[in-house]
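Presented below is the structure to which this report refers.
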Amino acid sequence: MSIKPLLIVESPSKAKTISKYLDGEYTVMACVGHIKDLPKKELGVDVENNFAITEEILPDKSSFMKEFKTLAKKTSQIVIATDPDREGEAIAAHIASEVDKDKISRVQFTEITKEGVEEGMNEIHNIDQDLVEARTARRIIDRLVGYKVSRVLWSTLKKNMKFVEVSLSAGRVQSAALRIIVERERLRQAFHSALYYDLKAELQAGDNSFSATLVRVDGKRIAVGKDFDPNTGNLKNDKVLLLSKAQADELVKELTNGNWTVSNVEEKIKNSNPKPPFTTSTLQQEAARKLRSSARKTMRMAQRLYEQGFITYMRTDSTNLSTEGINGARNEIMSRFGKEYLPDQARVYATKVKNAQEAHEAIRPAGVTFVPVDKVRSAIDEDTARLYDLIRKRTLASQMTSAKVKQIAVFIENQKSEFRANGKVILFPGYMAAYVESTDQRNGVTEDQETILPNLEKDQDLNCNALIAEDHETKPPARFTEASLVKELEAKGIGRPSTFANIIDTIVYRTYVTRDQGKLTPTFLGIAVTQLLENHFTSLVDSQFTANMENGL
DNA sequence: CAGTGAGCGAGCTTCCGCTTGACTT
């Protein structure tokens, strides 16, 4: 006798949702990620024999496999709906290899909504062997590199550095990440700071005062930070004027009694567009900046939001919103902000990230009506509610109209010197009414901050309240934070959404890097490991290696 | 003679990516 057909997905919460959509017509099971892998204790790859591999059922998946095989025998149809990406295809092949092939069919869901599931169920395809083989190649490369090179570290560094207490390791991803951090440290060590001066004037127009900075003397631009070579601290551009303290003081004296006249007012109206909805990487970055949350904590909170049905899947590299998500955002924008904030057409964001696989949509509030933050607060906790609020606002903003910003540059002359004052006025907030992204910059000025200047006209005379010489020092490039490292890794195509948080933990656990007050600093050991790898395994620490491998698959 | 230490051998570690719990190495 035959029982209900089986449907296999990766995630348990997905299983629950899909089971509901399918009205109990299927027994939906979750395999919870990979079910097979190379053996942990040995290489599992026969290099002599055309890279033949040994794969076995993972120890913690044996009970799932037992139950699955029992049910598989009793049913006539097994539908595999693992994620539509390279790893998902491999899982599908692994599952199929354990049961009667004739019962197997493969479907894919690109969004977990009622429509998305129905659509997916109607389109049956074969398991894509090319994708499966691509993942096998990826797995073999990672295993060979990881196990072989780690051994080299044990037999060299570990032997000669008795104080090293942890097991050393190297790998395609962790070694590239470590190198990025070490390279930054080298830049910092090679850095020579430079001292330069400019003048700042407090000017008065009628009842209003504002400040302006010296930009030119005698037609020659005043040197700023970027005009200096970071390796020497010397000027790299001889067309600019470097003011010494004495010259700056002299200039103050000359200008104090001169006349201040507006020489030009330039106004530009610019559109500012919202950022795309969150991916795993951008969510981790923003949660670090706005909520001071570590990558790991962010993912733990996002997991809970996902399990309780508050957000869509949290491990994704796609900025695409499903029709449901777009409708949800547009409905709320219309009712809360009004039609001026709603573009005629939904915004579409192209994914720019390298090696994106886009198996899921962007991270957004689930459903077609986005649950209010209060509901999350009472269901989970305050921190998680704040993360949800971030996701909710970012999703809304991504579908709102552009902001209109007026940028004003006022030029002021005094004899042969030219000063500049910048102003910014938001004429129409658009998406800024919902959400503005934070910045990694030291000054921390976000896009929605205005700088108000009084109304000024050409040839207008001004009074000067104060004129001072200001000293500035060039700063070395900042150490990486978790957030800026994740950004860099993603930009270089190193690692995947499911591993960004792990990569940082690995290099910290191996004591290659310390994490002090959010700053990632390489240790002596980390630098030594990187140097050894650079000398003997150049391509491994080359950040292009991963990207090139991906293209080759 | 007894204690010390050089020298040797055995046994251990390790990758990336997919997914959750369990209690963090």
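Here is the naming used below: chain letters follow the sequence lines, and residue numbers restart at 1 for every chain. Atoms considered below: every heavy atom in the structure, side chains included; atoms not considered: hydrogens, waters and symmetry mates.
- Using a 4.0 Å heavy-atom criterion, one finds that A/Ser498 contacts the bases of the nucleic acid, with or without backbone contacts as well.
- Using a 4.0 Å heavy-atom distance criterion, A/Arg135 is classed as making no nucleic acid contact.
- Using a 4.0 Å heavy-atom distance criterion, A/Lys41 is classed as a base contact.
- A/Gly171 comes within contact range of the sugar-phosphate backbone alone, with a heavy-atom separation under 4.0 Å but no base atom that close.
- Among the protein residues, A/Phe64 comes within range of no part of the nucleic acid, since none of its heavy atoms lies under 4.0 Å from any strand.
- The P atoms of B/dT20 and B/dG9 are separated by 49 Å, rounded to the nearest whole Å.
- For A/Arg515 and A/Asp505, the salt-bridge test passes: some basic side-chain N is under 4.0 Å from an acidic carboxylate O.
- The pair A/Arg139-A/Glu55 does not meet the salt-bridge criterion, since no charged nitrogen lies less than 4.0 angstrom from a carboxylate oxygen.
- Distances shown here put every side-chain N or O of A/Ser11 at or beyond 4.0 Å from the OP1 or OP2 atom of B/dT19.
- Here the nucleotide nearest the side chain of A/Ser169, chosen from B/dC18, B/dT19, B/dT14, is B/dT14.
- Nucleic acid contact class of A/Asp83 (heavy atoms, under 4.0 Å, all strands): sugar-phosphate only.
- A/Lys40 comes within 4.0 angstrom of a base, heavy atoms only.
- Atom P of nucleotide B/dG17 and atom CD1 of A/Ile504 are separated by 14 Å, given to the nearest angstrom.
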